[in-house]
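All remarks here apply to the structure that follows.
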Amino acid sequence: MFNIVIFGGPGSGKGTQSDKLISHYNLFHISTGDVLRDHIRRGTDLGNTANSYISKGKLIPDDLMVSILEQVLIDNAQAVADGVIFDGFPRTIPQAKALNEMLQKRGNKVNIVIGLEVPDEELTERLLKRGLESGRSDDNRETIAKRLEVYHSQTAPLKAFYQNQGIYAAIKGIGTIDSIFQSIQEAIDKVK
Ligand code: AP5
Ligand code: MG
């Protein structure tokens with residue numbers, strides 16, 4: 001099992017680069033944002049709860065998020081056997097510790113954290129542009145600003161957490177999608 005965490009601010013390209021990684025490395029993709037948006041679309045109770053956080057740019061509470069992720073791993077036990085791309089999870093130190101425990105239980109670990117580093121101005125520009133057609137309740141100027149604030153205060157500390165474990169690979173997340181993917185591939189192939 002080879003597990004990748006793809007990490008970065010809102011709009012840093014986690015989803016875009018995950019799509020390329022899936023086909024190249026044959027890994028299972030879990031985007032917690034996509035999982036939550038699917039619940040919102042289906043109008044489930046969880047979807048209603050999630051939307052009250054997402055539309056404000058706030059994080060879903062750790063306990064709830066960890067149990068959702070654990071369930072995705074259980075429901076897809078076969079598909080995750082070769083490895084997973086975790087996109088948008090973990091987002092807090094407690095989530096990162098929970099992920100380590102979940103993987104340890106299965107005799108596995110996070111092998112590499114791909115940190116897509118993109119300046120805030122570029123992130124804002126990308127998300128405003130996407131907001132013109134995405135229909136996402138969080139792609140508006142006010143919520144984008146909140147997402148960035150939450151990213152810097154609650155999620156960015158994970159960089160040091162993973163640097164201490166020696167598994168953080170910093171990737172310059174600006175430029176063409178293909179050139180960024182090439183840097184990611186080089187970082188992965190060094191440890192795979
Ligand atoms: P989530 O869905 O994870 O959103 P996000 O982190 O805000 O990031 P995005 O999905 O918007 O961006 P991305 O990095 O995937 O970039 P993308 O490839 O789309 O989370 C949403 C919300 O759900 C959270 O705010 C929270 O409320 C909740 N949530 C989710 N996970 C949670 C967790 N673990 N704990 C608690 N709450 C959680 O690209 C963005 C745009 O840029 C696209 O239009 C793309 O075409 C474009 N683009 C991509 N690459 C480039 C490039 N190189 N140059 C120019 N444009 C580019
Ligand atoms: Mg995404």
Side-chain angles (χ1 to χ4, degrees), residues 4-22 29-41 46-73 84-100 102 110 113-158 161 171-184:
I4 300 174
V5 167
I6 188 148
F7 175 81
S12 56
K14 301 184 293 296
T16 303
Q17 296 296 334
S18 291
D19 286 345
K20 296 181 75 76
L21 285 165
I22 300 164
H29 179 216
I30 303 177
S31 156
T32 43
D34 288 348
V35 170
L36 297 169
R37 281 184 292 275
D38 183 52
H39 276 275
I40 294 172
R41 254 190 308 274
L46 172 59
N48 293 334
T49 305
N51 198 37
S52 67
Y53 292 96
I54 291 180
S55 60
K56 296 191 191 84
K58 293 183 179 170
L59 297 184
I60 276 73
D62 286 335
D63 288 356
L64 179 58
M65 203 63 240
V66 168
S67 66
I68 293 168
L69 186 86
E70 180 124 53
Q71 197 56 48
V72 174
L73 289 176
V84 177
I85 302 166
F86 294 95
D87 160 359
F89 188 100
R91 263 179 148 90
T92 62
I93 300 279
Q95 288 184 17
K97 290 183 175 162
L99 179 62
N100 281 352
M102 273 185 261
V110 174
V113 177
I114 298 295
L116 294 173
E117 305 195 342
V118 180
D120 283 6
E121 305 73 55
E122 167 83 10
L123 296 176
T124 304
E125 208 175 291
R126 287 184 191 177
L127 294 176
L128 284 174
K129 191 169 158 207
R130 188 180 66 187
L132 298 174
E133 48 194 42
S134 70
R136 273 177 58 161
S137 64
D138 55 352
D139 278 349
N140 57 77
R141 193 176 283 280
E142 195 189 343
T143 312
I144 292 167
K146 181 69 187 169
R147 286 157 73 192
L148 283 168
E149 187 192 313
V150 166
Y151 172 73
H152 287 292
S153 62
Q154 300 188 55
T155 305
L158 287 176
F161 177 87
I171 302 289
K172 190 172 145 219
I174 46 176
T176 66
I177 289 166
D178 284 340
S179 68
I180 296 165
F181 182 64
Q182 203 180 326
S183 311
I184 294 176

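Not measured: the values here are computed from a predicted model. Numbering of ligands and ligand atoms starts at 1, following listing order.
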Query raised in the report: For Leu128, which residues count as a side chain to side chain contact (heavy atoms under 4.5 Å, CB included) partner, sequence neighbours excluded?
Result: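 Leu128 satisfies side chain to side chain contact (heavy atoms under 4.5 Å, CB included) with Thr124, Arg141, Ile144 once adjacent residues are dropped.
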
Query raised in the report: Is it true that the side chains of His29 and Asp34 contain a donor and an acceptor less than 3.5 Å apart?
Result: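 Side chains of His29 and Asp34: no pair found under 3.5 Å.
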
Under 4.5 Å between any side-chain heavy atoms of [X] and [Y], yes or no?
X	Y	result
Val66	Phe89	yes
Asn100	Phe161	yes
Lys146	Lys58	yes
Val5	Leu99	yes

Requested in this report: Could you please provide the protein residues found below 4.0 Å of ligand 1 on a heavy-atom basis, arranged by chain and number?
Outcome: Gly9, Pro10, Gly11, Ser12, Gly13, Lys14, Gly15, Thr16, Thr32, Gly33, Leu36, Arg37, Ile54, Lys58, Leu59, Ile60, Met65, Gly88, Phe89, Arg91, Gln95, Arg126, Leu127, Arg130, Arg136, Asp138, Arg147, Gly175, Ile177, Ile180

